[in-house]
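Heads up: the structure comes next, in structure tokens.
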Amino acid sequence: DAQVDAIRLRQVADLFGVCGLSFLIALGNGVIAEGIASAAARWQGVRASWRPAAASASAFLVLLACAVGYGTWRLGTLAGSSSSFEVAAVQGAVQPELRWKRSQAGRVLRRYGGLTRDLLLRSELPRPDLIIWPENAVQTLADDPVYGPPLLRLSSDVPLLVGAPRSESDGNRRRAAFNSALLLVDGELRGHYDKRRLLPFSETRPLGDLGVFGSRGDLDPDVYSPGSKGVLFEVADQRVAPLICMEALYPDLAHEAVESGATILAVLSNDSWFLGHGGADQHAAMVVFRAIEIRRPVIRATTTGISAVIGPAGSIVGFLGEDERGVLRAEVPLTDEGLTLYARIGDAFAILCALAVAAAVGVAWRRGFRPAQTRIGSVASYRPRESA
């Protein structure tokens with residue numbers, strides 16, 4: 001996420017994804033390293049030509065100029081759609097110690113419900129088309145006899161997309177638990193999406209009983225089952241594709257959504273378990289690149305931040321910072337863009353780069369290139385092995 005603030009440069013992500021930016025960064029670092037190695041060799045008295053370093057630097061500057069030029073042009077082509085979509089993301093700032101305990105379930109539900117009711121009671125503003133609660137905002141099932149009815153009543157006026165657990169019986173009468181996003185409309189459960197990419201150790205047990213660190217509470221399912229497919233929710237003439245938490249790190253899931261016809265990506269996340277601020281910042285930065293890669297707006301609702309509405313160019317329309325409690329309301333910038341090149345080819349560019357590096361290493365090895373024994377600091381040059 002080092003280049004997330006480079007507005008023009010980051011636009012190449014719709015061509016080659018994050019790997020395109022990584023390529024430019026690696027190439028620039030290679031040019032610097034080659035220049036240092038050439039200078040170190042000359043300082044040692046070795047007659048070395050500056051031409052290879054100059055050629056590499058020229059190639060890098062040309063590619064950098066092309067990337068910036070493309071980004072400038074691309075920003076001018078991203079015209080907005082004439083339609084509008086109002087969204088509200090509720091950030092309850094619920095700390096981890098309150099979650100997964102039935103004794104605290106009412107308190108947590110009142111916090112999210114209170115913020116939602118306050119929003120709906122503001123008569124000076126039109127009601128949003130969709131209200132989103134984050135991942136695990138509710139720890140009880142939608143059909144819970146105590147907490148289910150008040151949750152469903154909140155959706156009587158506005159569609160509500162809620163992060164909550166879900167369970168169902170399999171053919172062997174066993175209950176399978178899912179980390180889900182539930183669409184509630186007019187007091188009814190209209191659809192659900194089950195998280196497919198589960199978090200190791202938190203939602204799965206890759207090491208069996210060795211990876212068990214204790215239950216988080218009496219409502220904690222402990223082990224989840226993965227979902228089987230993506231879904232699209234039809235809301236106010238828009239097709240909303242939900243993803244849950246770390247699923248936003250996988251570009252292929254976003255590609256799948258837009259290929260299915262998604263016009264908006266909704267990410268329900270819980271970053272409260274991160275220590276410090278770096279993890280939440282990086283997680284949010286990667287979601288910015290998902291918006292650019294598929295040229296679709298992204299709505300991100302989190303428990304403790306960072307919640308945001310992100311436009312197709314990666315621009316932040318609105319956000320709530322870490323540990324803020326409140327409601328983020330914004331008009332989602334829609335677009336009529338088709339499939340981007342990256343949505344069509346995926347990581348083909350990255351795979352080609354990896355194959356090219358492997359081929360270059362193989363050729364160099366066959367020609368007898370080995371690391372030279374002379375080093376200046378941490379810089380090592382490469383020279384052909386002398387024949388006996």
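Predicted, not measured: the structure shown is a model, and the values here were computed from it. As a basis for the values below, the full set of heavy atoms in this structure was taken, side chains included, without hydrogen atoms, waters or symmetry mates.
A side-chain hydrogen bond (donor to acceptor under 3.5 Å, both in side chains) with Thr303 is found for exactly one of Asp271, Asn270, Asn136, namely Asn270.
Under 4.0 Å is where a charged nitrogen must lie from a carboxylate oxygen, and between Arg102 and Asp144 at least one such pair does. We find that Asp14 and Arg344 are not joined by a salt bridge, their nearest charged nitrogen and carboxylate oxygen being 4.0 Å or further apart. Using a 4.0 Å cut-off between charged nitrogen and carboxylate oxygen, Arg197 and Asp252 count as a salt-bridge pair. Remark: Arg329 engages Glu86 in a salt bridge, criterion side-chain N to carboxylate O under 4.0 Å. Using a 4.0 Å cut-off between charged nitrogen and carboxylate oxygen, Arg296 and Glu337 do not count as a salt-bridge pair. For Arg190 and Glu234, the salt-bridge test fails: no basic side-chain N is under 4.0 Å from an acidic carboxylate O.
Screening residues 300-340 for ring-ring contact (aromatic ring centres under 6.0 Å, His included) gives no qualifying pairs among residues at least two apart or on separate chains. Residue pairs meeting the side chain to side chain donor-acceptor pair (under 3.5 Å) criterion with at least one member in residues 349-361: none, sequence neighbours excluded.
No side-chain heavy atom of Glu331 sits less than 4.5 Å from a side-chain heavy atom of Val317.
Looking at Arg196, its side chain never comes within 3.5 Å of a backbone N or O of Gly227 through a donor-acceptor pair. Looking only at distances, no side-chain donor or acceptor of Ser56 sits under 3.5 Å from a matching main-chain atom of Val31. Under the 3.5 Å distance criterion, the side-chain polar atoms of Gln238 are left unmatched by any main-chain donor or acceptor of Thr263.
The distance between the ring centers of Phe349 and Phe23 falls below 6.0 angstrom.
In summary, the side chains of Asp194 and Ser180 do present a donor paired with an acceptor at a separation below 3.5 Å, with no hydrogens or angles considered. Inspection of the Ser307 and Arg300 side chains reveals no N or O donor paired with an N or O acceptor under 3.5 Å.
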